[in-house]
Amino acid sequence: MTTRRADRPAAAARPVRWAADAVSALREGARVRLDYSAQSLWRVDRLIEEIRREGAPYAAVETVLRGFGAYAGEVVVRQTGAEWWASGGEHWVRTPDGRLWDPVNEARRCFAGDGSLRLLCRDATGAVRR
């Protein structure tokens, strides 16, 4: 079940926009549809892996990775009722159990070959269900 909040905190404004931009760019450019489901993160992890294998420099894909991370964060927010938190220009997701998750940094880790947005989502949503 997806949970949506009508009164989103101010910290959500940027990551929600980044996520929406990523969804739109993939739909228009690559004809890839993302639906904010946990399952869609398999596709995002694969896209990041493809970008990495192509040898794109980090500076060229930094904005795309930020959008992918924000998208993963929004998946967690919608699945768990979590909230976006921001400090010093960084954005995290705080799940109802009080844990902080950094999906934007996880997207960077994926690009470096050592991370998974799918697994971050699994861990964050699993932690809330316990």
Side-chain angles (χ1 to χ4, degrees):
M1 181 170 110
T2 301
T3 304
R4 292 189 110 174
R5 297 186 57 172
D7 58 333
R8 303 291 298 264
R14 283 188 174 166
V16 168
R17 180 79 247 154
W18 297 333
D21 287 348
V23 168
S24 178
L26 285 174
R27 183 181 59 242
E28 299 300 320
R31 303 270 190 246
V32 173
R33 293 205 180 272
L34 299 176
D35 61 2
Y36 292 94
S37 69
Q39 295 81 11
S40 69
L41 293 174
W42 283 91
R43 179 172 283 152
V44 175
D45 276 348
R46 284 193 308 264
L47 289 168
I48 293 172
E49 173 65 22
E50 288 174 24
I51 292 168
R52 185 170 62 80
R53 274 187 283 149
E54 290 173 0
Y58 175 77
V61 297
E62 182 176 7
T63 301
V64 171
L65 295 173
R66 182 184 67 194
F68 287 160
Y71 173 78
E74 268 300 289
V75 170
V76 172
V77 166
R78 293 176 184 206
Q79 296 278 320
T80 67
E83 293 182 324
W84 282 100
W85 282 49
S87 176
E90 297 294 320
H91 293 81
W92 301 278
V93 170
R94 183 172 186 261
T95 49
D97 63 358
R99 295 176 69 184
L100 289 173
W101 304 87
D102 190 348
V104 174
N105 189 56
E106 190 68 13
R108 294 179 191 124
R109 291 182 64 231
C110 289
F111 182 70
D114 186 36
S116 169
L117 295 173
R118 168 185 62 81
L119 295 178
L120 177 135
C121 180
R122 184 200 65 191
D123 292 348
T125 57
V128 172
R129 288 186 196 123
R130 290 184 205 149

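For this chain, numbers begin at 1 and follow the sequence in order. Everything numeric in this text was worked out from a predicted model, so none of it was measured.
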For the atom pair CG (D123) and CZ (R118), what is the distance rounded to the nearest 0.5 Å?
10.0 Å
Mind listing the closest non-hydrogen atom pair of C121 and V76 along with its distance?
CA-CG2, 3.9 Å
Of all heavy-atom pairs between A82 and T95, which one has the smallest distance, and what is that distance?
CB-CA, 3.7 Å
Under the 3.5 angstrom rule, does the side chain of Q79 hit a backbone N or O of S37 as a donor-acceptor pair?
no
At what distance, to the nearest 0.5 angstrom, does CG of L47 lie from CZ of F111?
13.0 Å
Search all heavy atoms of W84 against all heavy atoms of A70 and return the closest pair with its distance.
CZ2-O, 3.5 Å
Between V23 and I51, is there shared hydrophobic-cluster membership here, with clusters defined by ILVMFWY side-chain heavy atoms closer than 4.5 Å?
yes
Mind listing the closest non-hydrogen atom pair of P103 and V93 along with its distance?
CG-CG2, 4.1 Å
What is the distance from atom CZ of F68 to atom CG of L117, rounded to the nearest 0.5 Å?
9.0 Å
Flag, side chain of S24 to backbone of A20, donor-acceptor distance under 3.5 Å:
no
Is there a path of hydrophobic side-chain contacts, each under 4.5 Å between heavy atoms of I, L, V, M, F, W or Y residues, that connects V75 with W92?
no
Residues two or more places apart in sequence or in another chain: which of them pass side chain to side chain donor-acceptor pair (under 3.5 Å) with E62?
none
Can you list everything that forms a side chain to side chain donor-acceptor pair (under 3.5 Å) with R52? Sequence neighbours excluded, please.
E49
I'd like to know if Y36 and V64 are part of one continuous hydrophobic network [Ile/Leu/Val/Met/Phe/Trp/Tyr, side-chain heavy atoms within less than 4.5 Å].
yes
Nearest atoms (heavy-atom pairs only) where R33 meets R27
NH1-CD, 2.8 Å
If you round to the nearest 0.5 Å, how far is OH of Y58 from CZ of R108?
4.5 Å
Could you give the distance from CG (D45) to OG (S116), rounded to the nearest 0.5 Å?
3.5 Å
Looking at CD of Q39 and CG of L34, how far apart are the two atoms once the value is rounded to the nearest 0.5 Å?
12.0 Å
For D114, does its backbone N or O pair with a side-chain atom of R109 as donor and acceptor, under 3.5 Å?
yes
Using the rule that Ile, Leu, Val, Met, Phe, Trp and Tyr join whenever any side-chain heavy atoms are under 4.5 Å apart, tell me whether V104 and I48 fall into a single cluster.
no
Side-chain donor/acceptor of R122 to backbone N/O of A38, under 3.5 Å:
no
At their closest point, which heavy atom of D97 faces which heavy atom of R99, and how far apart are they?
OD1-N, 3.1 Å
May I ask whether V44 and L65 are part of the same hydrophobic cluster, defined by side-chain heavy atoms of I, L, V, M, F, W, Y residues being less than 4.5 angstrom apart, directly or through others?
yes
Ring pair (Phe, Tyr, Trp, His ring centres under 6.0 Å) with W18: which residues, sequence neighbours excluded?
H91
